[in-house]
Amino acid sequence: MSLKTIERNILSGKRLTPEDGLALFESDDIFTIGRLANHVAEQKNGNNVFFVKNHHINPTNICVNRCKFCAFSKSKGDKGAYELDIKKIVRKLKAQRHKGTKLDSKTKSSALNPRILEPRSESTRKVAPTLNSGFSEVHIVGGLHPDWSFDFYLEMLGAIKKSMPSLHIKAFTAVEIDYFSKISGLSLMDTLKSLKEAGLKSMPGGGAEIFNKRVRNKICPEKISGSRWLKVMETAHKAGIRTNATMLYGHLENYKHRIEHMIKLRDLQDRTEGFQAFIPLAFHPMNTTIEGAKYTSGIDDLKTIAISRLMLDNFPHIKAYWVMLGEKIAQIALKFGADDLDGTIIEEKITHSAGRLSANAMTRDELVNLIEKAGKVPVERDSFYNPG
Ligand code: V47
Ligand code: SF4
């Protein structure tokens with residue numbers, strides 16, 4: 001299929017086939033691909049680019065899986081292995097949030113206003129510094145700990161909810177949910193229902209990696225299969241829990257595997273409509289045991305963002321995760337189909353263990369500035385993409 005025909009199909013709203021996706025990956029015309037992806041992104045979300053004030057916390061890096069691409073995980077007893085207890089998790093979160101409350105209270109009225117910002121407005125510049133701290137969402141993921149019980153995780157959610165009732169808890173990859181179901185003896189649905197009752201509000205998209213069996217067995221032989229990952233997500237959506245979806249690229253997979261991965265997500269989304277955002281994750285090879293792997297190129301990063309926007313026509317959002325892409329490629333990705341930069345993050349450990357040199361956190365001002373300089377409209381969102 002020629003790029004011209006694919007372009008015509010995109011402009012007339014026709015769904016792309018796997019062959020179209022492959023042709024796009026094999027094309028060198030990134031400007032056309034980017035322009036088309038930007039067109040689709042604008043049809044879905046106008047000129048808006050979303051971000052959230054969030055905090056990441058990884059309760060433990062001890063993990064029984066030890067995926068070969070993961071530089072974050074350790075085995076029990078290893079140097080650098082850590083475990084946070086519930087009190088420490090709550091204390092850390094409260095301390096960070098408290099900072100925000102103090103700052104926000106000085107400019108209460110601007111902090112309470114819906115924060116849809118016009119690009120380059122003076123008033124935005126004036127209020128922004130007061131809103132750098134504090135966050136509305138906590139993102140919790142960690143290793144599969146050999147000794148922790150399912151009750152420990154329920155208590156963790158309960159304690160966070162009790163001390164910060166307005167905080168949105170986005171937690172646990174599908175891989176962790178499957179593990180909780182195994183250690184608790186509960187069905188997937190009952191596991192998810194218990195977590196929801198304890199305070200879980202949505203789930204991140206990690207653990208998807210690449211669904212292709214052969215590649216998956218090479219990069220993470222102990223991890224649940226791609227079809228199990230999809231099953232967990234389908235169950236979560238049925239339980240009323242919205243999730244994201246990811247794809248780890250730039251290791252041993254090829255373009256065909258990336259397209260297969262996207263098609264499986266698109267098929268599930270057709271059935272459930274439970275995915276909010278798709279996040280392509282650029283592989284970082286340092287300190288991993290994937291032999292011969294390199295960092296991804298900027299061109300590959302932008303193509304992958306753009307093609308995911310074009311293939312995943314039923315996903316509302318495509319996220320350019322600035323931590324993995326770096327601030328500059330993430331900014332350009334906003335012209336290549338991405339409409340979300342994730343957030344302030346604070347304390348990213350997974351990518352930084354694998355050699356990422358980007359910052360560990362970004363302030364609200366910095367995110368707003370990146371988005372404005374890309375000619376887009378920054379929209380601070382909640383965890384369900386409502387503005388404000
Ligand atoms: O599942 C692990 C990936 C994921 C490496 O849903 C690596 O909003 C690159 O899923 N190089 C966890 N990637 C992070 C994740 C995520 C991040 C931000 C937002 C959301 C969301 C989800 O990180 C893992 C794995 O795929 N990962 N090691 C590495 N060396
Ligand atoms: Fe464990 Fe997740 Fe790292 Fe795999 S990617 S070793 S499951 S923490």
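Computation of the quantities below employed the complete heavy-atom set of this structure, encompassing side-chain atoms and omitting hydrogens, waters and symmetry-equivalent molecules. As the structure lists them, so they are numbered: ligands from 1, and atoms in each ligand from 1.
By the criterion of a separation under 2.8 Å, the protein N/O/S atoms near atom 3 (Fe) of ligand 2 amount to C70 SG.
Under 4.0 angstrom from ligand 1, the non-hydrogen atoms of A354 all belong to its side chain. Counting heavy atoms under 4.0 Å from ligand 1, residue F283 touches it through both backbone and side chain. Here T173 has no heavy atoms under 4.0 Å from ligand 1, in either its backbone or its side chain.
Residue-environment remark: NZ (K68) stays at or below the threshold of 12 foreign heavy atoms within 6.0 Å. Heavy-atom contacts from other residues, nucleotides or ligands closer than 6.0 Å to CZ of F31 number 12 or fewer. Heavy atoms from other residues, nucleotides or ligands lying under 6.0 Å from CD of E42 number more than 12. Counting heavy-atom neighbours within 6.0 Å of K193 NZ, excluding the residue itself, gives a total of 12 or less. Within a 6.0 Å radius of NZ in K231, other residues, nucleotides and ligands contribute 12 heavy atoms or fewer.
Ring geometry for H56 against Y321 counts as parallel: the plane angle stays under 30°, on a 0 to 90° scale with 60° as the upper cut. Ring pair H55/F135 is tilted by interplanar angle, where 30° to 60° counts as tilted. Aromatic ring pairs are classed by plane angle as parallel below 30°, tilted from 30° to 60° and perpendicular above 60°; the pair F50 and Y385 is perpendicular. Classified by interplanar angle (parallel below 30°, tilted 30° to 60°, perpendicular above 60°), the ring pair F275/H237 is perpendicular. Using bins of under 30°, 30° to 60° and over 60° for the plane-to-plane angle, the ring pair H145/W148 lands in the parallel bin.
Atoms of ligand 1 lying under 4.0 Å from any heavy atom of D342, numbered from 1 in the order shown and given with element: 8 (O), 19 (C). With ligand atoms numbered from 1 in the order given, ligand 1 contributes 1 (O), 10 (O) to contacts under 4.0 Å with heavy atoms of G206. Near I279, meaning under 4.0 Å from any of its heavy atoms, are these atoms of ligand 1: 6 (O), 8 (O), 20 (C), 21 (C). Each of the atoms 6 (O), 8 (O), 21 (C) of ligand 1 lies under 4.0 Å from some heavy atom of N244. Short contacts between ligand 1 and T246, defined as distances under 4.0 Å to a heavy atom of the residue, involve ligand atoms 10 (O). Listed by number with element, the atoms of ligand 1 under 4.0 angstrom from any heavy atom of E209 are 1 (O), 24 (C), 25 (C), 26 (O). Each of the atoms 5 (S) of ligand 2 lies under 4.0 Å from some heavy atom of F69.
Nearest-residue assignment for atom 9 (C) of ligand 1 (options A282, P285, C70; heavy-atom criterion): A282. Of the candidates L248, L281, T288, L248 brings a heavy atom nearest to atom 7 (C) of ligand 1. Of the candidates F69, F275, Y249, the one placing a heavy atom closest to atom 28 (N) of ligand 1 is F69. The closest heavy-atom contact to atom 12 (C) of ligand 1, among the options I290, V175, I350, comes from I350.
For K170, the closest heavy-atom approach to ligand 1 falls below 4.0 Å. For M203, the closest heavy-atom approach to ligand 1 does not fall below 4.0 Å.
For atom 11 (N) of ligand 1, the nearest non-hydrogen atom of the protein is H284 N, 2.9 Å. In this structure, atom 6 (O) of ligand 1 lies nearest to the protein heavy atom G205 N, 2.8 Å. For atom 1 (O) of ligand 1, the closest heavy atom belonging to the protein is G207 N, 2.8 Å. Ranking protein heavy atoms by distance to atom 2 (Fe) of ligand 2, first place goes to K223 NZ, 4.1 Å. Protein heavy atom in closest approach to atom 20 (C) of ligand 1: H139 CE1, 3.5 Å.
A side chain to side chain donor-acceptor pair (under 3.5 Å) with K376 holds for exactly one of D339, N38, N45; it is N38.
Remark: the backbone N or O of T243 is not paired with any side-chain donor or acceptor of S202 at under 3.5 angstrom. With N61 contributing its side chain and K74 its backbone, the two residues share no donor-acceptor pair below 3.5 Å. Of the possible polar contacts, none joining the R309 side chain to the F336 backbone as a donor-acceptor pair under 3.5 Å is found.
Note: Y295 and H284 meet the aromatic proximity criterion, with ring centroids under 6.0 Å apart.
Under 4.0 Å is where a charged nitrogen must lie from a carboxylate oxygen, and between D300 and R258 at least one such pair does.
Among the atoms of K319, some N or O lies under 3.5 angstrom from an N or O of ligand 1.
Taking the ring axis of F315 as reference, the NZ or CZ atom of R266 does not stay both within 45° of it and closer than 6.0 Å to the ring centre.
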